[in-house]
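Letters go in sequence order (proteins before strands), and every chain restarts at 1. Every value quoted in this text rests on a predicted model; they were computed, and no experiment measured them.
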Amino acid sequence: MSAPIQSVRGMNDILPEETPLWQRVEEAVRGVLAAYGYQEIRTPVLERTELFARSIGAVTDIVEKEMYTFTDRNGDSLSLRPEGTAGCVRACLQHGLLRGQSHRLWYQGPMFRHERPQKGRYRQFHQIGVEVFGIPGPDVDAELILMCARVWRTLGLVEDLRLEINTLGDAEARRRHRADLVAYFRAHEAELDADSRRRLETNPLRILDSKNPEMAEVIAGAPSLLDYLDAEAKAHFEGFRKRLDEAGVRYTVNPRLVRGLDYYNRTVFEWITDRLGAQGTVCAGGRYDGLVEQLGGRPTPAVGFALGLERIVALLEGERGTAAAARAPHAYLAAVGEGPERAALGLAERLRDAVPGLRLAANCGGGSFKAQLKRADRSGAAVALILGEDELAAGRITLKWLREAGRGQETLDLEAAAAALRTLVEAGSRPAG
RNA sequence: GUGAGCGUAGCUCAGCUGGUAGAGCUCCGGACUGUGGAUCCGGCGGUCGUGGGUUCGAAUCCCAUCGCUCACCCCA
């Protein structure tokens, strides 16, 4: 045997024991999005490199050193998408969705960044993103927050997450603030650490976010963007906050909250957890009113967010078992003996026809009676259906309860067995609690 | 890109200062010719990440390399 081929670094397999949790998260989010009238859009994972350079910002780390970029056979420079917004905007422009209409969209899928993998950060990771186009007011910004909050409630994550918000103002305010900020830090350059001195050139706003406690004092004295906001941006932020207050959403204003991507303006927000080590941001987004125009469209207000599925799944890791149990088959059909084995698949089909929603795993590959019951047990099924020579001859089936002590087993005709399974399926599909 | 820790069976790990590998779980079978989840017995399964060095002898010590993990950076 030659050496087995390994997966590519930072690209993870999500194994069967893990997928039920993913499905629970994905279904929770999809359900909430539907409840707010959002529509799904699907775009390619591969785009022209230029799209990301023009949207994310050519000098950001993402574009400079984290994209999977290659030249295809035509000589075009293509990149695996490092985030979803750019492709979403591109698709909307290309198909004329933004001609005076508003759209509330969402998408889901893998994103790719060539970073050093660590907890909560992988080279292929998965996001569910939401983008709203054509609505300028702070009401949509607040709606996005409420939507997130509903997702957290659905998943039982309310206690684990806190909301931080900020406003980045508009382009003009940001430019003036940035100039003053750089001047301030240049005057205090001796107090900056090496990272921040570098950021002075690349992304000075990031200095405000430094984790180095020795820098706390310099940062505290830095000019605050809030002092640069014009009346409109201020009103927008106030409107956003009032709506959150009225909805009873708890948040803190973090004036140092900035974004890694250049296209954001005004409202920005992050949902943060302390339970995941260094990668605490589980969901983040904000307004990006300038991006559509920047990509060649008409000026179109826009706001959105993305949530990191790996991180949310990690928060729910303790519920892996219950998520798996919810997906386990209702029943496992054991068939022992030559005749029963031949009849089993047909019987399973009839039961699936007769009982909508039934999850029935039929034993394949033979095995002793004991072995088949063991598999039934391992499958997580609530009942084992037993088809032996006796049952086959009598046209009946034995239904053995595997999880309820004292319920034992009963041999029924197919009608009665189907009725029992129907009851089981209905009990399982009732919302919990 | 930088730093630290760790690589022994499919999984979780033991293996003391070097004497050429072990447990639990899983899987298969048996005790129990048609009854799982408990117990006991047996079986399958490893060139100790890889390559080199030191040594009579290396899973153990040294070097290199690859991989994983966490942190920095960056970010969802």
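Among the atoms of the strands shown, none is found under 4.0 Å from any heavy atom of A:V336. Residue A:A284 is classed as a sugar-phosphate contact, given heavy-atom separations below 4.0 Å to backbone atoms only. Among the atoms of the strands shown, none is found under 4.0 Å from any heavy atom of A:L309. Residue A:R198 is classed as a sugar-phosphate contact, given heavy-atom separations below 4.0 Å to backbone atoms only.
Note on A:R116: every side-chain N or O is 4.0 Å or more away from OP1 and OP2 of B:U69. Here A:Q127 does not reach the OP1 or OP2 of B:A76: none of its side-chain N or O atoms lies under 4.0 Å away. A:K370 has no side-chain polar atom (N or O) that falls below the 4.0 Å cut-off from OP1 or OP2 of B:U35. Between A:R121 and the phosphate of B:C74, there is no side-chain N or O to OP1/OP2 separation shorter than 4.0 Å.
Rounded to an integer number of Å, the gap from CZ of A:F369 to P of B:G37 is 14 Å. In this structure, CG of A:L276 is placed 15 Å from C1' of B:U69, rounded to the nearest angstrom. For the pair A:K400 NZ and B:G37 P, the interatomic distance rounds to 10 Å; values are reported in whole Å. Regarding A:E338, its CD atom lies at a distance of 16 Å from the P atom of B:G34, rounded to whole Å. Here the C1' atom of nucleotide B:U35 and the CD atom of A:E389 are 16 Å apart, to the nearest Å. The interatomic distance linking A:R378 (CZ) with B:C25 (P) rounds to 11 Å, in whole Å. Look at CD on A:Q372: it is 16 Å from C1' on B:C27, rounded to the nearest Å. Distance CG (A:N363) to C1' (B:G34): 14 Å, rounded to an integer number of Å.
Checking B:C27, B:C75, B:C70 against every side-chain atom of A:R113, the shortest atom distance belongs to B:C75. For A:Q118, the listed nucleotide lying nearest its side chain is B:A71; candidates were B:G37, B:A71, B:A76. Nearest to the side-chain atoms of A:A278 among the listed nucleotides B:C72, B:G34, B:C70 stands B:C72. When each of B:G37, B:U69, B:C70 is scored by its nearest atom to the side-chain atoms of A:P117, the top-ranked nucleotide is B:U69. The side chain of A:R199 lies closest to B:C74, out of B:A76, B:C74, B:A71. Considering only the side chain of A:R9, B:C68 comes nearest among B:C68, B:C72, B:G36. Which of B:C70, B:C73, B:A76 sits closest to the side chain of A:T281 comes down to B:A76. For A:R403, the side-chain atoms get nearest to B:G36 when compared with the rest of B:C72, B:G36, B:C75.
If you check the side chains of A:Y228 and A:D180, you find a donor sitting under 3.5 Å from an acceptor.
B:A38 and B:G45 have their P atoms separated by 25 Å, given to the nearest Å. Look at the P atom in both B:G49 and B:C6: the space between them is 14 Å, to the nearest Å. Distance noted for atom C1' between B:C44 and B:G34: 27 Å (whole Å). For B:C27 and B:A71, the P atoms lie 34 Å apart once the distance is rounded to whole Å. Straight-line distance between the C1' atoms of B:A59 and B:U47: roughly 12 Å, to the nearest whole Å. Nucleotides B:U26 and B:G5 have their C1' atoms positioned 29 Å apart, rounded to a whole Å. Here the separation of B:U20 from B:G46, taken at their C1' atoms, is 14 Å to the nearest Å. For the P atoms, the distance from B:A9 to B:U60 is 15 Å, rounded to whole Å.
Looking at heavy atoms from C-beta onward, A:L347 lies in side-chain contact with A:I397 at the 4.5 angstrom threshold. Between A:V249 and A:R241, every side-chain heavy-atom pair lies at or beyond the 4.5 Å cut-off. The shortest side-chain heavy-atom distance between A:F52 and A:M67 falls under the 4.5 Å cut-off. Side-chain contact between A:E18 and A:R320 is present, with at least one heavy-atom pair separated by less than 4.5 Å.
Taking a cutoff of 4.0 Å between a charged side-chain nitrogen and a carboxylate oxygen, A:D141 and A:R243 do not qualify as a salt bridge. Of the charged side-chain nitrogens involved, at least one lies within less than 4.0 Å of a carboxylate oxygen, so that A:E40 and A:R42 count as a salt-bridged pair.
Base pairing of B:U33 is not made with any nucleotide, judged by Watson-Crick or G-U wobble geometry with both donor-acceptor distances under 3.5 Å. The partner of B:C75 is absent, by the rule that a Watson-Crick or G-U pair needs both atom distances under 3.5 Å. Nucleotide B:U69: paired with B:A4 (Watson-Crick or G-U wobble, both distances less than 3.5 Å). In this structure B:G46 sits in no base pair that meets the Watson-Crick or G-U test at under 3.5 Å.
For B:U35, its base sits under 3.5 Å from the side chain of A:Q409 at one donor and acceptor pair at least. No hydrogens or angles were tested; on distance alone, a donor-acceptor pair under 3.5 Å links the side chain of A:E391 to the base of B:G34. One N or O donor and one acceptor, one from the side chain of A:D377 and one from the base of B:G36, sit under 3.5 Å apart.
Under the 6.0 Å cut-off for aromatic ring centres, A:H188 and A:Y184 qualify, their centroids lying closer than that.
Nucleotides of RNA chain B nearest to A:G285 and A:N12 differ in position, and the one nearer the 5' end is that of A:N12. Nearest-nucleotide positions on RNA chain B place A:T398 closer to the 5' end than the other of A:E404 and A:T398.
No more than 12 heavy atoms of other residues, nucleotides or ligands sit less than 6.0 Å from atom CZ of A:R48.
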